[in-house]
Peer 1: 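Dropping a structure here in structure tokens format, bear with me for questions.
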Number of protein chains: 2
Amino acid sequence: MEEVRIPDMADKAMALLRADADKIYKLIDVQMENLTMPQCPLYEEVLDTQMFGLSREVEFAVRLGLIEEELGRSIMDELEKRLADLHEMFNSKK
Amino acid sequence: MEEVRIPDMADKAMALLRADADKIYKLIDVQMENLTMPQCPLYEEVLDTQMFGLSREVEFAVRLGLIEEELGRSIMDELEKRLADLHEMFNSKK
């Protein structure tokens with residue numbers, strides 16, 4: 001474990017967080033294309049839970065000193081923006 | 001950031017996770033001593049959400065290679081055991 005360098009670990013943390021953000025995006029994308037509508041309470045719950053989980057990971061990486069707080073916030077903000085765009089696209093197709 | 005050593009970061013990760021586990025324990029302890037009963041759905045929801053958040057942090061530390069998977073599982077198991085004891089104590093006092 002000692003051979004890993006801190007900058008490498010910071011990169012790994014960012015890669016993991018981005019991958020998890022993408023996973024949430026894809027999950028919501030699939031949900032929208034299939035049965036579940038954004039008005040469905042279950043959809044909201046799934047999204048809230050996933051966003052909460054990601055925010056905990058981001059906060060943890062910040063508390064460890066692996067990423068800056070602002071960078072952490074930008075991961076969440078970016079995902080929220082992408083989801084809002086997706087939502088809008090879905091609504092305009094109806 | 002480069003001055004921090006990986007073993008120090010692993011220690012920090014463990015300290016953060018233990019502190020978060022303690023926080024959940026205390027939250028549930030306070031809830032039990034006050035208004036909210038373990039039979040209340042809100043209690044279950046708070047507990048589930050907090051446990052989910054902690055499990056995400058633990059998994060993240062494991063994925064980063066900071067802690068072993070088994071150690072991560074032991075943090076969750078230990079907290080669950082402490083909460084079960086607390087629950088039992090609460091029920092026996094009634």
Side-chain angles (χ1 to χ4, degrees), chain A residues 1-28 31 40-76 78-80 83, chain B residues 1-28 31 40-76 78-80 83:
Chain A
M1 204 186 266
E2 325 244 341
E3 288 149 38
V4 186
R5 289 161 55 240
I6 296 285
D8 293 344
M9 187 158 289
D11 287 346
K12 194 172 176 186
M14 273 308 291
L16 288 175
L17 293 174
R18 285 202 199 284
D20 287 351
D22 277 344
K23 220 185 291 169
I24 295 176
Y25 181 84
K26 275 171 203 146
L27 175 74
I28 299 302
Q31 279 208 332
C40 169
L42 194 62
Y43 162 90
E44 283 293 341
E45 203 177 309
V46 168
L47 184 54
D48 282 356
T49 305
Q50 293 300 321
M51 293 300 273
F52 171 73
L54 182 62
S55 74
R56 275 301 181 90
E57 291 179 6
V58 168
E59 275 166 40
F60 190 68
V62 171
R63 289 157 77 202
L64 276 175
L66 282 173
I67 65 171
E68 297 289 332
E69 201 171 333
E70 195 156 333
L71 188 56
R73 203 161 30 230
S74 76
I75 294 174
M76 299 304 296
E78 204 182 296
L79 176 58
E80 269 168 31
L83 288 173
Chain B
M1 205 186 268
E2 325 245 340
E3 289 150 38
V4 186
R5 289 161 55 239
I6 295 286
D8 293 344
M9 189 159 287
D11 287 347
K12 194 171 176 185
M14 273 307 292
L16 287 176
L17 294 173
R18 287 201 198 286
D20 287 351
D22 277 344
K23 220 186 289 170
I24 295 176
Y25 181 84
K26 274 171 203 147
L27 174 74
I28 299 302
Q31 278 208 330
C40 169
L42 193 62
Y43 163 88
E44 282 293 340
E45 204 178 308
V46 168
L47 183 53
D48 283 356
T49 304
Q50 293 300 320
M51 292 300 272
F52 171 74
L54 182 62
S55 74
R56 276 300 181 90
E57 291 179 5
V58 168
E59 275 165 40
F60 190 68
V62 171
R63 289 157 77 203
L64 277 175
L66 282 173
I67 65 171
E68 298 290 331
E69 202 172 332
E70 195 155 335
L71 187 57
R73 203 163 28 232
S74 76
I75 294 174
M76 298 305 295
E78 203 182 297
L79 176 58
E80 268 167 31
L83 288 173

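In this text the structure is predicted, and so the values were computed from the model without any measurement. Residue numbers begin at 1 in each chain, while the letters A, B, ... track the order of the sequences.
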Peer 1: Please look at B:Thr49 and chain A and tell me whether the side chain, the backbone, both or neither of the residue comes under 4.5 angstrom of a heavy atom of that chain.
Peer 2: both
Peer 1: Could you measure the distance from the CG atom of A:Asp8 to the CD1 atom of B:Ile6? Nearest 0.5 Å is fine.
Peer 2: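 It is 8.0 Å, given to the nearest 0.5 Å.
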Peer 1: Between chain A and each of B:Ala15, B:Ala61, B:Gly53, count heavy-atom pairs under 4.5 Å; write down the option with the most.
Peer 2: B:Gly53
Peer 1: Let me confirm one number: the CZ-CZ distance from A:Phe60 to B:Arg56, rounded to the nearest 0.5 Å.
Peer 2: 14.0 Å
Peer 1: Would you call A:Asp20 and B:Arg63 a side-chain contact if the rule is heavy atoms closer than 4.5 Å?
Peer 2: yes
Peer 1: Which pair of non-hydrogen atoms, one from B:Met9 and one from A:Leu64, has the smallest distance, and what is that distance?
Peer 2: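 So the two residues come closest at CE-O, 3.3 Å.
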